[in-house]
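These notes are about the structure you will find just below.
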Amino acid sequence: MQIEVVTLFPEMIRQALGFGIVGRAIERGLVQVGTEDPRAHTHDVHRTVDDRPYGGGPGMVLKPEPMAAAIDAAVARAPRGAPKVYLSAQGEPFSQRLAHELAAFDGLVLVAGRYEGVDERVIASRIDREVSLGDFVLSGGEVPALAVIDAVARLLPGVLGDARSSVEDSFSDGLLDWPHYTRPVQFEGRAVPAVLQQGNHADIRRWRLKQAVARTWRRRPDLIARGGLGREASELLNEFLEEERHGQHHSAD
Ligand code: 4H6
């Protein structure tokens with residue numbers, strides 16, 4: 001997949017992508033990431049990319065001409081049909097589902113805003129989807145663009161080993177992950193749960209599903225309402241709620 005990022009801080013993108021799973025995917029040529037700097041598309045001595053907002057108020061707006069030219073240059077390098085995505089708090093919520101959708105394309109053009117954002121006419125003429133990482137404000141769209149690149153890259157064939165790809169399915173089933181433990185068996189007075197030490201794989205599978213369901217119930221009840229639990233998950237949630245009713249509390253759950 002070829003990803004182009006339109007950004008006033010190309011180094012921020014390049015630097016961050018040198019590490020870990022995504023860094024390896026780029027080294028192996030499974031993902032290519034290019035950047036396009038709107039400042040390279042200015043023509044005045046000051047290389048001006050921003051201007052005061054019509055209607056007044058604080059802050060500055062990214063001028064349309066350099067942004068549009070930078071997007072056009074990025075699109076010209078990207079594969080045909082690559083969706084143009086603008087990262088902003090006004091966008092549709094990003095999700096694992098959207099990551100899968102974007103991973104199905106051969107390319108992606110990500111547009112990162114700065115200042116108060118991009119002139120709306122550029123969004124109207126050149127952007128296919130406006131996407132938000134969540135209900136919070138950042139000083140630029142680069143970090144969200146990096147998050148989208150990471151989430152999409154790990155879905156591409158060959159980027160994760162087979163064993164790891166199936167772990168991603170544990171979110172695709174709509175639940176939060178279960179807790180993880182490694183050695184030592186005792187750490188600061190806390191033991192690894194006995195069921196994990198005993199090594200009965202059927203028991204371990206049920207325990208993990210129950211932990212995942214209980215955690216999701218406590219932390220993200222919206223996910224349970226939306227997803228509708230499977231039969232086994234429903235049974236395990238009832239077991240958990242029953243135990244909770246009888247006062248067997250586990251503070252970390
Ligand atoms: C577009 C428009 C994404 C991008 C305005 C971007 C949060 C998210 C940005 C801005 C972002 C998100 C610039 C407005 C700085 C505030 C960059 N913030 N901002 N939730 N900021 O995905 O001032």
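Just follow the structure's listing: the first ligand is 1, and inside any ligand the first atom is 1.
- Note that CZ of R208 is 14.5 Å distant from CG of L175, once rounded to the nearest 0.5 Å.
- K210 is listed as a side-chain neighbour of E243, based on a closest heavy-atom distance under 4.5 Å.
- For the atom pair Y86 OH and L110 CG, the distance stands at 13.0 Å (nearest 0.5 Å).
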Tabulate distances under 3.5 Å between N/O atoms of ligand 1 and N/O atoms of the protein, writing both atom names on each line.
{"residue": "ligand 1", "atom": "18 (N)", "partner": "L138", "partner atom": "N", "Å": "2.9"}
{"residue": "ligand 1", "atom": "20 (N)", "partner": "S132", "partner atom": "OG", "Å": "3.4"}
{"residue": "ligand 1", "atom": "20 (N)", "partner": "G134", "partner atom": "O", "Å": "2.8"}
{"residue": "ligand 1", "atom": "20 (N)", "partner": "F136", "partner atom": "O", "Å": "3.1"}
{"residue": "ligand 1", "atom": "21 (N)", "partner": "L138", "partner atom": "O", "Å": "2.9"}
{"residue": "ligand 1", "atom": "22 (O)", "partner": "L133", "partner atom": "N", "Å": "2.7"}
{"residue": "ligand 1", "atom": "23 (O)", "partner": "Y115", "partner atom": "O", "Å": "3.4"}

Between side-chain atoms of residues 137-152 and protein atoms elsewhere (two or more places apart, or another chain), which donor-acceptor pairs fall under 3.5 Å?
{"residue": "E142", "atom": "OE1", "partner": "R114", "partner atom": "NE", "Å": "3.0"}
{"residue": "E142", "atom": "OE1", "partner": "R114", "partner atom": "NH2", "Å": "2.9"}
{"residue": "E142", "atom": "OE2", "partner": "T7", "partner atom": "OG1", "Å": "2.7"}

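- Remark: Q198 pairs with no residue by the side chain to side chain donor-acceptor pair (under 3.5 Å) rule, at least two apart or across chains.
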Let me have the donor-acceptor pairs involving side chains of residues 221-233, under 3.5 Å, with sequence neighbours excluded, atom names and distances please.
{"residue": "D222", "atom": "OD1", "partner": "R220", "partner atom": "NE", "Å": "3.0"}
{"residue": "D222", "atom": "OD2", "partner": "R220", "partner atom": "NH2", "Å": "2.9"}
{"residue": "R231", "atom": "NH1", "partner": "E235", "partner atom": "OE2", "Å": "2.7"}
{"residue": "E232", "atom": "OE1", "partner": "R205", "partner atom": "NH1", "Å": "3.3"}
{"residue": "E232", "atom": "OE1", "partner": "R205", "partner atom": "NH2", "Å": "3.2"}
{"residue": "E232", "atom": "OE2", "partner": "R205", "partner atom": "NH2", "Å": "2.8"}
{"residue": "E232", "atom": "OE2", "partner": "R206", "partner atom": "NH1", "Å": "3.2"}

